[in-house]
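Here the structure is laid out as C-alpha cells; the discussion comes afterwards.
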2 protein chains.
Amino acid sequence: MGQYSLKEIAKELGVSRGTLDRVIHNRGGIGSETTDRVQTYLQSIGYKPNRVGRSLARMKEMLLYVSFHDTKNEFFKEIQAGLKAAENEIADFGFKVQFEDVSKSSASQIKCIREAMRNGMSGLALSPYEPDAAFEELVDEIVKSGVPVVTFNNDVVNCGRMAYVGINYYTSGRVAGEVLAKSVKSGSVAILRRSSSYFQNQQRITGFTEVIDSFEHIQVAGSFGGSADYDSAYKNTKRIIDTVPDLHGLLMLNNESDIITATCDAVSDSGLKPFDIVTFDLPSGCQREISNGRITATVCQDPFSQGYYCVKILFKYLLDECRPTKSLYSTRLDVIYKENLDSYNKELYRSFF
Amino acid sequence: MGQYSLKEIAKELGVSRGTLDRVIHNRGGIGSETTDRVQTYLQSIGYKPNRVGRSLARMKEMLLYVSFHDTKNEFFKEIQAGLKAAENEIADFGFKVQFEDVSKSSASQIKCIREAMRNGMSGLALSPYEPDAAFEELVDEIVKSGVPVVTFNNDVVNCGRMAYVGINYYTSGRVAGEVLAKSVKSGSVAILRRSSSYFQNQQRITGFTEVIDSFEHIQVAGSFGGSADYDSAYKNTKRIIDTVPDLHGLLMLNNESDIITATCDAVSDSGLKPFDIVTFDLPSGCQREISNGRITATVCQDPFSQGYYCVKILFKYLLDECRPTKSLYSTRLDVIYKENLDSYNKELYRSFF
DNA sequence: CTGAAAGCGCTTACAG
DNA sequence: CTGAAAGCGCTTACAG
C-alpha cells in the first residue's frame, strides 16, 4: 500500500517496531545513536506513516469540542453542516465532534468550555461571543495544557490559537461596496446598521464606505440605526427614503427575517425604482427576497467551510501531528444573485457526503 | 471506537467473522437461514462497518483513472488541484488517482481509456472530448464490466454513468447575463464567441440572451465570431465597437490569455466608458484584468470541486459500496469581482490539506 | 455452507 | 534503552 511499513523498516534496520514508534513520536528513552540512525533512514526513504494503521492502533477516542454562541441562528446551521461533514470524514479514525448550544454571554460560554476541559477534550474549535481578554487568557491556558485551539468565524487574536478560519470582515464590506456600486446607476446609498453594534459590523461599514467613496457616480448618504422588529424597521426605512434625496441603494447589516421583509416592503411600497439592496449571508429571508428580486445580491462568507476546516485542522494536527502552515484561513466571499442562488443551495456535500 | 465490531457480533451470534463478511458483502455461499439471522441482527443494531479496518484488510490497491482532454489548459490545473486533494484524503485507504494528458480528439481519448481498462482500473472519472455516441457505448461497456464511471465538467448523458459533476452551462450563461445586466446602465451588449463552437458555448449564449432580453435597459446587439490570436482579436473588437451603436458591454466566451488582453486593449483604446466585460472561468489572464479593472467580473464553475467530488464519489462507492443519491451534482457558479478575487485565490485546500 | 487463522500498519502495555 | 507480543476492525485465502 503505502511505500514502506514499519515492519519492513524494522527488519531493514534491525530494530523493533516499538523503537521506530518511539523515535517517530519523540517519546524519548531511545539512545541518541539509534535515534539518529532511525531518523536518517526514515528521511532518506521519505517515510510517511499510514493514518489508517495509526488510528486503528490508537485506542483512545478523540473528542473535538466546538463552542459557538447563538447556535439557534440560521447561520449556524450552515456551519453545523460543515462540522458534520468533517465529523463524517474523521469518525472512522476514532474522532467525535461535539458542540454545545451556549447562551449569549462571554461568561456562560467560558463556563461551558471549562466544563469541557474537565471532561477531557482533545481539541477545541471556538467562536467567541466577544473576543476579549478573558478569552485570550482562557485560550492560552488551554493551549498550555496541550490541547490545540482553532478559532472560527470570530477570531481571538492575541493568544496561542493555532489558526483562525473565517473571513476578514473589512474585506466583505468592500465586496458589498463593489456589488452595490456596480448595480446602482447613480445617486446615493444608505447603510442600515444592526441594533447591536459589533466590531465586525464596524469593519464592514468601513470597507463598504471606502469602496463606494472610490466611485464617482454614487455616494454614501449615511448610516442609520437598526430596528428590532417589523414595524419599526418598516417605519425606519420609510423615513430614510423620505429623508435622503436620490436614494437608490441600501446596504443591510441586519439580516433577520423580519427586518429584511420590512425593509423590502417599505422599498416596494415607496415605488422607488431602480433600487438595489445588498445584504450579508444567506438566511432563508435573504434567499426569498433574492428569488423575488427585491434583494439584488448578498455577500456570503462560506460558513460551511468555516465549520468543515476548523475541524479538519484539529484532526490533521492530532492525527498527523502536523501544524497548519498559516494562522489565517480565509473562507470565500461569495456574491450570490438570483441566477446563481440555486447553485449554492445544491452544493455537493449536502446530498451525499 | 465504532459501535460494534464484527468480532463482538460474531460472538453474540455464534458465527464466524468470515460468515458475517460474506453476508455483508453478498458474497454468496451462506445458507438463507443464517443470512436472514445475520442481516436482521445487523439491521437491529445499525451496524456500520469501519472503513479503517476495511481498507487495512483489503490488500488490493484501487486505481482511479481520470481521463480529461486538453490537460494543458489552465482550467485543468484547478481540476487537478481538486483531484490531488481527494487523492490525498484517500491515499491511506489504498487508493491511487492517475490521470493522463490526452490529446485533442475523441478517438485518442477513447484509445487511452481502453488501454487503462486493460491495465485494470477500479473506477473511471471522465470528461469526454465530445459526448457523442462513441463515448456512450464505451461508458456502457465499462460499466457492464463492473467498473463505475463518473463524468465531470462535460457530461455523457445517455449511458450508465453513475453521476455527473459539473455545471449546467445554460445556467452559467444566465448568471453572466444577470451580472452584465446589473453592471451596464443602458445600451447594448455584444457576445464574443469562441473560434470553435462547442455545444456548451451555445447553451451559455442561450441562457445569457434570455436574461438580457428580460431587462428593458439593455439589449444584445449580436454575437460575433471568435479570433485566434491577439491581432485578429484586437481588430475584431475594434470593428465591433465601431459598428455597434451605444455598446457598453461584452460577454466573452473565449478566455485565452491573448484574446483577453487584445479585447481589453481594444476597449481601453477606444475610450468607451463606462464599459463592462464579463467572462467565464478564472485563468491568469482573467485574474489580471479583473485586478486591473478592465474586466468587471467572471463567472466561475468551481473546477476544484469538479475534480474533488468526482473522485470522492468513486471512492465512496468502491469503499462503502454506496451509490450517490443523485445523478447530477452541480458545482457552484461563483461571481468573482475585483474585491472578492483574493478570497478565491486563498481557498483553504491549497495551502494545507 | 461455514470456521479458524493470518495479516493489513500501526500503537500499547509489559517485560527485561 | 530496547524487544516481543497482542490487538485495533476488517478481509482473504485455506481448510473442511
Side-chain angles (χ1 to χ4, degrees), chain A residues 1-39 41-42 45-62 90-95 122 318-321, chain B residues 1-39 42 45-62 90-96 122 318-321:
Chain A
M1 292 220 168
Q3 330 228 52
Y4 299 90
S5 70
L6 290 189
K7 197 177 172 186
E8 292 160 351
I9 296 172
K11 198 175 162 194
E12 175 70 27
L13 250 42
V15 299
S16 74
R17 288 139 96 194
T19 298
L20 292 180
D21 184 72
R22 286 175 202 112
V23 171
I24 287 168
H25 296 288
N26 301 310
R27 298 194 209 281
I30 298 290
S32 62
E33 206 176 317
T34 314
T35 303
D36 278 357
R37 201 160 62 89
V38 168
Q39 277 175 343
Y41 184 74
L42 291 178
I45 61 166
Y47 173 70
K48 275 193 176 183
N50 182 308
R51 304 164 127 187
V52 164
R54 177 172 291 182
S55 47
L56 201 50
R58 160 150 52 193
M59 300 299 313
K60 189 176 149 208
E61 173 156 290
M62 305 293 253
I90 69 181
D92 292 310
F93 294 95
F95 282 69
S122 302
L318 292 166
L319 184 56
D320 298 343
E321 293 161 350
Chain B
M1 292 220 169
Q3 329 229 48
Y4 298 90
S5 70
L6 290 189
K7 197 176 172 187
E8 292 160 351
I9 296 171
K11 198 175 163 196
E12 175 70 25
L13 250 42
V15 299
S16 74
R17 288 139 97 194
T19 299
L20 292 180
D21 184 70
R22 286 174 202 114
V23 171
I24 287 168
H25 295 290
N26 301 309
R27 299 196 208 278
I30 297 291
S32 62
E33 207 176 315
T34 314
T35 304
D36 278 358
R37 200 160 62 89
V38 168
Q39 277 176 344
L42 291 178
I45 61 166
Y47 172 70
K48 276 194 175 181
N50 182 308
R51 304 164 127 189
V52 165
R54 178 172 291 183
S55 47
L56 201 52
R58 160 151 51 194
M59 300 299 313
K60 190 175 147 205
E61 173 157 289
M62 305 294 252
I90 69 181
D92 292 309
F93 293 97
F95 282 70
K96 284 250 177 303
S122 302
L318 291 166
L319 185 56
D320 297 344
E321 294 162 347

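Lettering of chains follows the sequences in order, A, B, ..., and the numbering in each one begins at 1.
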With sequence neighbours excluded, what pairs up with [X] under the side chain to side chain donor-acceptor pair (under 3.5 Å) test?
X: A:R22; answer: none
X: A:T19; answer: A:S16
X: A:R54; answer: none
X: B:E12; answer: none

Problem - Test side-chain contact (heavy atoms from CB on, under 4.5 Å) applied to B:I90 and B:L319, step by step - result: CA-CA 10 Å; B:I90 69 181; B:L319 185 56; over 6 Å; no
Could you give the [atom1]-to-[atom2] distance, from [X] to [N], as a whole number of Å?
X: B:L319; N: D:dT11; atom1: CG; atom2: P; value: 9 Å
X: A:L56; N: D:dG9; atom1: CG; atom2: C1'; value: 5 Å
X: B:L13; N: C:dT2; atom1: CG; atom2: C1'; value: 14 Å
X: A:D21; N: D:dT2; atom1: CG; atom2: C1'; value: 13 Å
X: A:K60; N: C:dA13; atom1: NZ; atom2: C1'; value: 16 Å
X: A:K7; N: D:dG7; atom1: NZ; atom2: C1'; value: 14 Å
X: B:L6; N: D:dT12; atom1: CG; atom2: C1'; value: 14 Å
X: A:L20; N: D:dA4; atom1: CG; atom2: P; value: 12 Å

Handout entry: 5'-to-3' dot-bracket of DNA chain C (Watson-Crick, G-U; under 3.5 angstrom; crossing pairs as [ ]; | other strand)
Key = |||.||||||||.|||
Problem - side-chain contact (heavy atoms from CB on, under 4.5 Å) partners of A:K7, counting only residues at least two apart - result: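 Once residues adjacent in sequence are excluded, the partners of A:K7 under the side-chain contact (heavy atoms from CB on, under 4.5 Å) criterion are A:S5, A:R17.
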Handout entry: Residues that B:K11 engages under side-chain contact (heavy atoms from CB on, under 4.5 Å), provided they are two or more places apart
Key =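 For B:K11, no residue satisfies side-chain contact (heavy atoms from CB on, under 4.5 Å) once neighbours in sequence are set aside.
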Among [options], the one nearest [X] by side-chain distance:
X: B:A57; options: D:dG3, C:dG3, D:dT11; value: D:dT11
X: A:T19; options: D:dT11, D:dT2, C:dC8; value: D:dT2
X: B:R54; options: D:dG9, D:dT11, D:dG3; value: D:dT11
X: A:V15; options: D:dC8, D:dG3, C:dG9; value: D:dG3

Problem - Close approaches to DNA chain D from residues 23-35 of chain A, in residue order (heavy atom, under 4.0 Å) - result: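 Residues of residues 23-35 of chain A that come under 4.0 Å of DNA chain D are, in numerical order, A:G29, A:I30, A:G31, A:T34.
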Exercise for the section: Report the distance from atom NZ of A:K48 to atom CG of A:D320, rounding to the nearest 0.5 Å. Expected result: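 So the NZ of A:K48 and the CG of A:D320 are separated by 9.5 Å.
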Practice task
Starting at CG of A:L13, measure out to CG of A:L42 and round the result to the nearest 0.5 Å.
Solution key: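 The CG atom of A:L13 sits 7.5 Å away from the CG atom of A:L42.
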Give me, pair by pair, the N or O atoms of the protein and of nucleotides 14-16 of chain D that are less than 3.5 Å apart, along with how far apart they are.
none

Exercise for the section: List in chain and number order the residues that pass salt bridge (Lys or Arg N to Asp or Glu O under 4.0 Å) with B:R37, two or more places apart in sequence or in another chain; answer none if no residue qualifies. Expected result: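 Salt bridge (Lys or Arg N to Asp or Glu O under 4.0 Å) check on B:R37 returns nothing, list empty.
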Could you go through residues 29-36 of chain B and list every donor-acceptor pair under 3.5 Å that involves a side-chain atom there, pairing it with any protein atom two or more places apart or in another chain?
residue, atom, partner, partner atom, Å
B:T35, OG1, B:I30, O, 3.4
B:T35, OG1, B:G31, O, 2.7

Exercise for the section: Would you indicate whether the side-chain heavy atoms of A:Y47 and A:I24 approach each other to under 4.5 Å? Expected result: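 Side chain of A:I24 against side chain of A:Y47, heavy atoms only: contact under 4.5 Å found.
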Exercise for the section: Find which nucleotide of DNA chain C each of A:G18 and A:V52 is nearest to by heavy atoms, and output the residue with the more 5' nucleotide. Expected result: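 Closer to the 5' end of DNA chain C: A:V52.
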